[in-house]
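Numbers here are sequence positions counted from 1.
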Amino acid sequence: MKITGIILAGGKNLRMGKNKAFLEIKGQRIIDRTKQLFVDLFDEVFLVANSPLDYLDLNLRVVSDLFPGGGALGGIYSGLFHASHSHAFVAACDMPFLNKALISHLSTLSSGYDIVIPKMEDGWQPLHAVYSLKCLPFMEDLLQEKNLKIIDFFPKVKKREVTTEEILPFDPKLASFFNINSPEDLNRIQDFLKNGTSPN
């Protein structure tokens, strides 16, 4: 099944103080690694960002938020709105350890479901999930109501939860779900790379 790859790059980066997508991990910008992984996996890839000129060097299509101020929910909605395929895998631009095999596994589960989403001990991972176009009207309802809580439309669609036990064979340290919001997170990433301690 063909799936669109959507990279969300529309955050305000308030805690980090700089564009998280351009942080370098092991000498490579996070956004460059994510782009290459997505291009390898999906035949359609684009960014959702409100500053498209920042990403010109990526040679990727960039779409803007259709609901400015809509947070991550607005970003997912905007990406899905432009997707050519029935399903799209969505990830945030500040996740340095995205796992190709795990993303491929989630994608293969998507037939017959509107959402394929990891559910960890601390809850769902909506910024590392597959969504179908059928989610659009329910997302739009929340956005119109100024409710930006992504999981609030989940009861209205058919979802496939992917448990920690199912994920571990692909990602034993569950590093896929670590994201960088602050300098402290970046320090934990460096510790992880140095001595293998989990960044989560």
Please list all pairs meeting salt bridge (Lys or Arg N to Asp or Glu O under 4.0 Å) that have one or both residues in [range], counting only residues at least two apart or in different chains.
range	answer
residues 143-160	R160-E166
residues 72-100	K20-D94, D40-K100
residues 66-89	none
residues 43-57	K2-D43, R29-D57

Listed partners of [X] passing ring pair (Phe, Tyr, Trp, His ring centres under 6.0 Å), at least two apart:
X	value
F46	none
F138	none
F170	H105
Y77	F67

Return the set of residues passing side-chain hydrogen bond (donor to acceptor under 3.5 Å, both in side chains) with D114 (not counting sequence neighbours), or none when no residue passes. S132

Parallel, tilted or perpendicular: ring planes of F89 versus H128, cut at 30 and 60 degrees: perpendicular

Please list, chain by chain and in numerical order, all residues satisfying side-chain contact (heavy atoms from CB on, under 4.5 Å) with S64, sequence neighbours excluded. N50

Would you say CZ of F154 has more than 12 non-hydrogen atoms from neighbouring residues, nucleotides or ligands within 6.0 angstrom? yes

